[in-house]
Asks: 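Dropping a structure here in structure tokens format, bear with me for questions.
Along the sequence shown, residues carry numbers from 1. Note that these values count all heavy atoms, side chains included, but never hydrogens, waters or copies made by symmetry.
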Amino acid sequence: MKHRVLESVTVIPPERDISDIVSLDIKDYSKGQNRLNAAGGQAGICQLADAFCHCLDTLPEVAVLRQKYPDDLAEFHQSLQAFLKAWMSGETPLYTKSNGRRYLSANRKRLRLTTAEKNAWLYCMQKALDAQPYDEVFKRYVMVQLGLAAEMIRNPSPES
């Protein structure tokens, strides 16, 4: 008995990837300088941190996260800017086996997030990224990378 193999392979044009983002100029955001440039340098990182803190302060959906921070977010804002600049410039990886976890704050008690807090943090970052004039592919790259880092610091307890 002969089997007939039907080939029904969808060919995605090179200018359209599977995420349905149309782009003729694919950039390699795994390199720090490319990330920093895509973010608009230090000024762009400052705007992203501003937008994140604004979301943290104003969105009722992230109240579970907002309560972890003091009323004045100035210190956190500086910490967030420093983290984003270090990561986007390639100075600090989000995670390495030899260095362990690196994240947003030197305050160790904030390093373990519940699932709700992790989701709130990522929601704030997505909203902050959406407010920036960044390329859509770069926004998705940042969210994937930060999502992986956030999962690494999620509190593994059953109630999280």
Side-chain angles (χ1 to χ4, degrees), residues 15-96 99-155 160:
E15 69 276 3
R16 183 178 296 272
D17 73 8
I18 60 171
S19 66
D20 205 33
I21 295 176
V22 176
S23 178
L24 298 176
D25 184 25
I26 303 299
K27 296 194 175 39
D28 179 5
Y29 296 122
S30 67
K31 296 182 179 17
Q33 193 58 44
N34 292 350
R35 287 191 301 266
L36 189 60
N37 290 340
Q42 182 61 36
I45 288 171
C46 184
Q47 290 175 342
L48 180 59
D50 289 346
F52 183 94
C53 289
H54 176 75
C55 291
L56 188 59
D57 255 349
T58 61
L59 297 176
E61 300 94 325
V62 299
V64 67
L65 181 64
R66 180 61 181 99
Q67 68 189 7
K68 291 185 76 90
Y69 296 96
D71 290 340
D72 182 0
L73 290 175
E75 187 177 321
F76 171 74
H77 184 274
Q78 287 180 332
S79 175
L80 179 61
Q81 272 188 336
F83 164 78
L84 290 171
K85 181 181 180 282
W87 174 64
M88 288 197 187
S89 67
E91 295 171 21
T92 304
L94 287 176
Y95 179 82
T96 64
N99 295 324
R101 294 176 179 95
R102 299 193 180 240
Y103 209 56
L104 298 177
S105 174
N107 185 340
R108 304 295 289 174
K109 71 180 180 186
R110 289 192 199 142
L111 287 180
R112 303 306 282 176
L113 299 175
T114 65
T115 299
E117 291 164 347
K118 176 197 83 163
N119 291 340
W121 196 96
L122 291 170
Y123 182 77
C124 275
M125 184 53 72
Q126 183 65 64
K127 291 295 187 184
L129 284 166
D130 288 345
Q132 306 311 306
Y134 302 160
D135 179 79
E136 287 301 315
V137 173
F138 178 63
K139 290 178 186 181
R140 289 185 186 199
Y141 175 83
V142 169
M143 285 305 297
V144 167
Q145 296 301 307
L146 293 176
L148 292 170
E151 184 58 28
M152 286 182 216
I153 64 164
R154 186 179 57 80
N155 189 344
S160 68

Asks: Please find the pair of heavy atoms, one from Tyr141 and one from Ser30, that lie closest to each other, and give the distance.
Replies: OH-CA, 3.5 Å
Asks: Is it the case that over 12 heavy atoms from other parts of the model lie below 6.0 angstrom from the NZ atom of Lys127?
Replies: no
Asks: What residues, two or more places apart in sequence or in another chain, satisfy side chain to side chain donor-acceptor pair (under 3.5 Å) together with Lys85?
Replies: none
Asks: Testing the basics here: between Lys139 and Tyr134, what is the closest heavy-atom pair and its distance to 0.1 Å?
Replies: CE-O, 3.4 Å
Asks: Which donor-acceptor pairs under 3.5 Å do side chains of residues 55-66 form with protein atoms, sequence neighbours excluded?
Replies:
residue: Asp57; atom: OD1; partner: Arg66; partner atom: NE; Å: 2.7
residue: Asp57; atom: OD1; partner: Arg66; partner atom: NH2; Å: 3.0
residue: Thr58; atom: OG1; partner: His54; partner atom: O; Å: 2.7
residue: Glu61; atom: OE2; partner: Tyr123; partner atom: OH; Å: 3.4
residue: Arg66; atom: NH1; partner: Tyr69; partner atom: O; Å: 3.3
residue: Arg66; atom: NH1; partner: Pro70; partner atom: O; Å: 2.9
residue: Arg66; atom: NH2; partner: Pro70; partner atom: O; Å: 3.2
residue: Arg66; atom: NH2; partner: Asp71; partner atom: O; Å: 2.8

Asks: Considering residues at least two apart in sequence or located in another chain, which fulfil the side chain to side chain donor-acceptor pair (under 3.5 Å) criterion with Gln81?
Replies: none
Asks: Among Leu84, Val137, Leu48, Leu129, which one satisfies side-chain contact (heavy atoms from CB on, under 4.5 Å) with Val142?
Replies: Leu129
Asks: For a quick test of reading the model, state the closest non-hydrogen atom pair linking Gly44 to Gln132 and the distance between them.
Replies: O-OE1, 4.4 Å
Asks: Compare every heavy atom of Leu36 with every heavy atom of Ser89, then report the nearest pair and how far apart it is.
Replies: CB-CD2, 4.0 Å
Asks: Please report the shortest heavy-atom distance between Gln145 and Trp87, naming the atom on each side.
Replies: CB-CZ2, 3.6 Å
Asks: List in chain and number order the residues that pass side chain to side chain donor-acceptor pair (under 3.5 Å) with Gln67, two or more places apart in sequence or in another chain; answer none if no residue qualifies.
Replies: none
Asks: For residues 40-53, pull every pair meeting side-chain hydrogen bond (donor to acceptor under 3.5 Å, both in side chains), keeping only residues two or more places apart or in separate chains.
Replies: Asp50-His77
Asks: Among all residues two or more places apart in sequence or in another chain, which pass the side chain to side chain donor-acceptor pair (under 3.5 Å) test with Asp72?
Replies: none
